[in-house]
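The structure appears below as structure tokens.
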Amino acid sequence: MKIIRSLTPLRLGLAGGGTDIDLYANKYGGCILNATISMFIHCTIHERNDGVIVFDSPDTDSYCEYKAVKYLEFDGNLDLYKAVYNRLVKDFDLPVLSFSLHTYSDAPSGSGLGGSSTLVVGIIAAFAEWLHLPLGEYDMARLAFEIEREDMSITGGAQDQYAATFGGFNFMEFYNDKRVIVNPLRVKHWIIRELENQIVLYFTNIRRAAKDLEEQKKGRLVGGESLEAMHSIKQDAFDMKESLLKGNFSDVARILGKSWESKKTLAGIVSNTEIDKIYNIAMENGAYSGKTSGAGAGGFMFFMVDPTKKYRLIKELEKEQGYVADFHFTREGVIAWTI
């Protein structure tokens, strides 16, 4: 029996976050700069011949087992896994499959690193490897988007699916009719190493549901201050791209801080007392700027700091309820293989 594995990178949102939401992108066009990091979703498929389908997610303490059929009913237990299976069977007219699907993530749920979308991409990639499905990078990312946003009606944007599929540093453009253009950035090696050296990645240990944040943001994107904040965040993606490619780290830090202030304008729950406390601790201990990764209100935050002050900042942050995570930027998107 075959064993198939996939490895799919999570991502840091550097600039433009939120402009990929359809309500904004369809009308104004969205732009995002993100980069994948060395934290991954791990997926394994074990082929079976006993007419059983098993889904196993030990990091979320979830396990379910079903009789193998062409359509699995949603029952509130790992429904996202079922949605991927159902869609692949339908789109590619697959026979009834019997398998065990095991996954786990290097990052906690609600981390702000694009976990759920990365998971969907990883599962699709494993099935594509197993069944030789004709899916290119754009096909895979769009399918993942449709499964999560349309089939499952989970609110959110599209950057995570494309980041996980393509990998590396990417400047992404989002338009109406689900049209996406991914522009890989040729960031010099020394710039990437220096950026890693200046960033402290901190998990706040505050969990949040991204869909609740995105719903509140969408409700406020009808004009006024929130809409202007979105336009500013979009411009930040262009400015960040130029500063990053030139290795202008002072501007990268400035834009990061500016984006955080704009992001807080979008929804009252993007920040909270604990997030503000962590941010202030960072600023008092050498950080130039920082922001949450993802929708906000919890998960991971990252800060830019003079490397000579990095150790002190880490020590102060680790006195709080979260932890500092080691990482490096990666150049590769999802990969899958058979053993």
Tell me yes or no: between the side chains of Thr60 and Ser57, is some donor less than 3.5 Å from an acceptor? yes

With rounding to the nearest 0.5 Å, note down the distance linking NE2 in His102 to OH in Tyr81. 11.0 Å

Between Asn280 and Glu284, is any side-chain donor less than 3.5 angstrom from a side-chain acceptor? no

Considering all heavy atoms of both residues, which atom of Thr292 and which atom of Lys263 are nearest to each other, and what is their separation? OG1-NZ, 3.1 Å

Decide if the gap between the ring center of Phe127 and the ring center of Phe99 is smaller than 6.0 angstrom. yes

Answer whether the closest heavy-atom distance between the side chains of Phe249 and Ile191 falls below 4.5 Å. yes

Partner residues of Ala164 under the side chain to side chain contact (heavy atoms under 4.5 Å, CB included) criterion, sequence neighbours left out: Thr8, Thr118, Val121

Using a distance-only test with no angle check, is there a side-chain donor-acceptor pair under 3.5 angstrom linking Asp56 and Thr103? no

Using the test salt bridge (charged side-chain N to carboxylate O under 4.0 Å, His left out), find all partners of Glu261 that sit at least two apart in sequence or belong to another chain. Lys264

Residues at least two apart in sequence or cross-chain that pass side chain to side chain contact (heavy atoms under 4.5 Å, CB included) with Asn176, listed by chain then number, are Asn26

When you compare the side chains of Thr44 and Arg5, does any donor N or O come within less than 3.5 Å of an acceptor on the partner? yes

Tell me the salt bridge (Lys or Arg N to Asp or Glu O under 4.0 Å) pairs involving residues 320-339, sequence neighbours left out? Lys277-Glu320

Can Asn183 and Glu173 be counted as having a side-chain donor-acceptor contact under 3.5 angstrom? yes

About how many Å separate CG of Asp236 and NZ of Lys258, when rounded to the nearest 0.5 Å? 3.5 Å

Below 30° counts as parallel, above 60° as perpendicular, anything between as tilted: where do the rings of His231 and Tyr24 land? tilted

Do Glu316 and Asn285 get their side chains close enough for a donor-acceptor pair, meaning under 3.5 Å? no

Regarding Glu148 and Ser117, do their side chains bring together a donor and an acceptor under 3.5 Å, going by distance alone? yes

Kindly write out the residues that satisfy side chain to side chain contact (heavy atoms under 4.5 Å, CB included) with His328, not counting sequence neighbours, or none if the list is empty. Ser38, Glu196, Thr330

Partner of Phe300 under ring pair (Phe, Tyr, Trp, His ring centres under 6.0 Å), chosen from Phe203, Phe327, Tyr202: Phe203

Ring pair (Phe, Tyr, Trp, His ring centres under 6.0 Å): pairs with one or both residues in residues 165-184, sequence neighbours excluded: Tyr138-Phe166, Phe169-Phe329, Phe171-Phe238

Give the C-alpha distance, both sets of side-chain angles, the deciding distance and a yes or no for salt bridge (Lys or Arg N to Asp or Glu O under 4.0 Å) between Lys82 and Asp79. CA-CA 5 Å; Lys82 302 185 192 80; Asp79 285 345; 3.0 Å; yes

Backbone N/O of Ala15 and side chain of Lys291: donor-acceptor pair under 3.5 Å: no

Scan for salt bridge (Lys or Arg N to Asp or Glu O under 4.0 Å) pairs involving residues 119-134, sequence neighbours excluded, and state none if there are none. none

Taken in chain and number order and not counting sequence neighbours, the residues that satisfy side chain to side chain contact (heavy atoms under 4.5 Å, CB included) with Ser105 are Leu10, Ile41, Asp59, Ala107

Under a 4.0 Å threshold between the charged nitrogen and the carboxylate oxygen, would Arg179 count as salt-bridged to Asp177? no

Starting at CD1 of Ile147, measure out to CG of Leu143 and round the result to the nearest 0.5 Å. 4.0 Å

Between the main-chain N or O of Leu256 and the side-chain N or O of Ser289, is there a donor-acceptor pair closer than 3.5 Å? no

When Ile, Leu, Val, Met, Phe, Trp and Tyr are grouped by side-chain heavy atoms lying under 4.5 Å apart, directly or through other members, which residues fall in the same group as Phe145? none

Results of side-chain hydrogen bond (donor to acceptor under 3.5 Å, both in side chains) for Arg87 - residues two or more places apart only: Asp91, Glu146, Asp151

Is Val54 isolated, or which residues cluster with it under the ILVMFWY side-chain rule of less than 4.5 Å, directly or via members? Val52, Tyr63

How close do Phe302 and Gly13 get, heavy atom to heavy atom, and via which atoms? CZ-O, 3.5 Å

Residue set satisfying salt bridge (charged side-chain N to carboxylate O under 4.0 Å, His left out) with Asp251, at least two apart, ordered chain then number -> Arg254

